2 protein chains.
Amino acid sequence: MAVSKVAEFTQEDIWMADIAKALSHPARIRILKILTEMNICMCGDIVEQLPLAQATVSQHLKELKRVVLIQGEIEGPKVCYCVNDKTLQKAKKELDKLFSQVCNC
Amino acid sequence: MAVSKVAEFTQEDIWMADIAKALSHPARIRILKILTEMNICMCGDIVEQLPLAQATVSQHLKELKRVVLIQGEIEGPKVCYCVNDKTLQKAKKELDKLFSQVCNC
DNA sequence: TTTCATCATCGTATATTTACGATTAACGAT
DNA sequence: ATCGTTAATCGTAAATATACGATGATGAAA
C-alpha cells in the first residue's frame, strides 16, 4: 500500500482490529487452545503439536505477545507461556459490545 | 511464505481465523458499524464516512462479503449493503466458545 | 442515445505476513 | 570450559494485504 491510513480511525476500532489480527491465523487460534489445555507450556511443546517449524511458531507467539493475549516467563533456557486472562476478558467484552452494536438480533 | 500451511488446521479453527481476518482492519470494523447505524447503505455513503478512496472501500467490502459478514443487493446502479445477522450470530457463538475454552475466568 | 451516477475491477506500488534454515544467546549440566 | 537444550532473531523468498487512479460495466435519467 502507498501509506497506511490506520491512524485515522478511532483507538477503539484500531484496538479491536489489532486483536482480530492476532486471531487471524489458525495456528494462533490453536496456540491459545494448546496453552489452556496444557499445564506446562514451553515453546517446544507447541512446536510439537503444530505442522510448523520452530522459527515460525516463535513468530506466531510474538504476534500474540504483541497484543498481550499471551505472555512468556523465562525459566532458565526455557520459556513458559500462558494466556493473559485480563486481555482475553477485555477482548471478549469489546467483541460482545461490537456484536451487540452491529447485529440486529 | 514459501507455501501456506493453513489447510493443515481444523475447519473450525480456519473459519474462526477467517472471520478474525475479516475484522482485522479498523476500516472494516467501522464499515460494520456504519451499515448498522444507517438505514440506507450504499457504497458511496460509506466512502463519505471513511478516509479512503472508493476503490479501497470496495476492496474492504469485498473482504467482508467473502466471509458473508455482509451482503449486497443490487438496486439499479446502486448496491445496498447490509450486515448478515446469521453469520454475525454464528461468529459471536463461535467466539464465545473460543473464549470460554481459552480463558480461565 | 447520450449522459450521469454508482460501484466493481484492473493495474500497480509498497507494506506486511507467512514460512523456514541458519545463527545467536542464554542457561543448565557435565 | 564444553556441551546440549531451548527459543529468539536474522536473512530471505514468496504470498497477501492495503491503497489508489484509471477504466469498465450497469442502469437511470435526460
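Chain A is the first sequence line, chain B the second, and so forth, proteins listed ahead of strands; every chain is numbered from 1. For clarity, every value in this text was computed on a predicted model and none was experimentally measured.
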Between [N] ([atom2]) and [X] ([atom1]): distance, integer Å:
X	N	atom1	atom2	result
B/Leu61	C/dC7	CG	P	9 Å
B/His25	C/dA15	NE2	C1'	12 Å
B/Glu73	D/dT26	CD	P	19 Å
B/Lys5	D/dA14	NZ	C1'	14 Å
B/Lys78	D/dA25	NZ	C1'	18 Å
A/Asp18	D/dT18	CG	C1'	15 Å
B/Met42	C/dC7	CE	P	5 Å
A/Glu8	D/dT18	CD	C1'	13 Å

* Asked: In this structure, are over 12 heavy atoms from other groups packed under 6.0 Å from B/Lys92 atom NZ?
  ->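 Yes, enclosed.
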
* Name the orientation class of the two ring planes belonging to A/His60 and A/His25 (parallel below 30°, tilted from 30 to 60°, perpendicular beyond 60°). =>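 Ring orientation of A/His60 relative to A/His25: tilted.
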
* Asked: With respect to the side chain of A/Leu52, which nucleotide from C/dC20, D/dA7, D/dT9 is positioned closest?
  ->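 Given the options C/dC20, D/dA7, D/dT9, the side chain of A/Leu52 is closest to C/dC20.
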
* Nearest to the side chain of A/His60, which nucleotide is it out of C/dC7, C/dT6, C/dT18? ->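 Nearest to the side-chain atoms of A/His60, counting from C-beta on, is C/dT18.
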
* Hey, which of these two, B/Glu75 or A/Ala55, hits DNA chain D nearer its 5' end, going by closest nucleotide? ->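 Mapping each residue to its closest nucleotide by heavy atoms, the 5'-most match is A/Ala55.
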
* To do: Could you say whether A/Val6 or A/Asp45 is positioned toward the 5' end of DNA chain D, judged by the nucleotide with the nearest heavy atom to each?
  =>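 Result of the comparison: A/Asp45.
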
Is [X] touching bases, backbone alone, or none of the nucleic acid, heavy atoms closer than 4.0 Å?
X	result
B/Ile74	nothing
A/Ala53	sugar-phosphate
A/Gln59	base

* To do: Give, for atom NZ of B/Lys90 and atom CG of B/Leu69, the distance between the pair rounded to the nearest 0.5 Å.
  => 11.0 Å

* To do: Establish, with yes or no, whether the OP1 or OP2 oxygen of C/dT17 is under 4.0 angstrom from a side-chain nitrogen or oxygen of A/Lys21.
  => yes

* Asked: Hey, does the side chain of B/Thr56 come within less than 4.0 Å of D/dC20's phosphate (OP1/OP2), counting only N and O?
  ->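 Yes, such a contact exists.
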
* Asked: Mapping B/Val57 and A/Ala27 onto DNA chain C by nearest heavy atom, which one lands closer to the 5' end?
  ->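 Closest to the 5' end, via its nearest nucleotide, is B/Val57.
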
* **Position toward the 5' end of DNA chain C (nearest nucleotide), A/Arg28 or A/Gly76** => A/Arg28

* Asked: Is it true that B/Glu75 and B/Lys78 have a side-chain N and a carboxylate O under 4.0 angstrom from each other?
  -> no

* To do: Inspect the contact between A/Arg30 and B/Glu8 and indicate whether a charged nitrogen and a carboxylate oxygen are less than 4.0 angstrom apart.
  => no

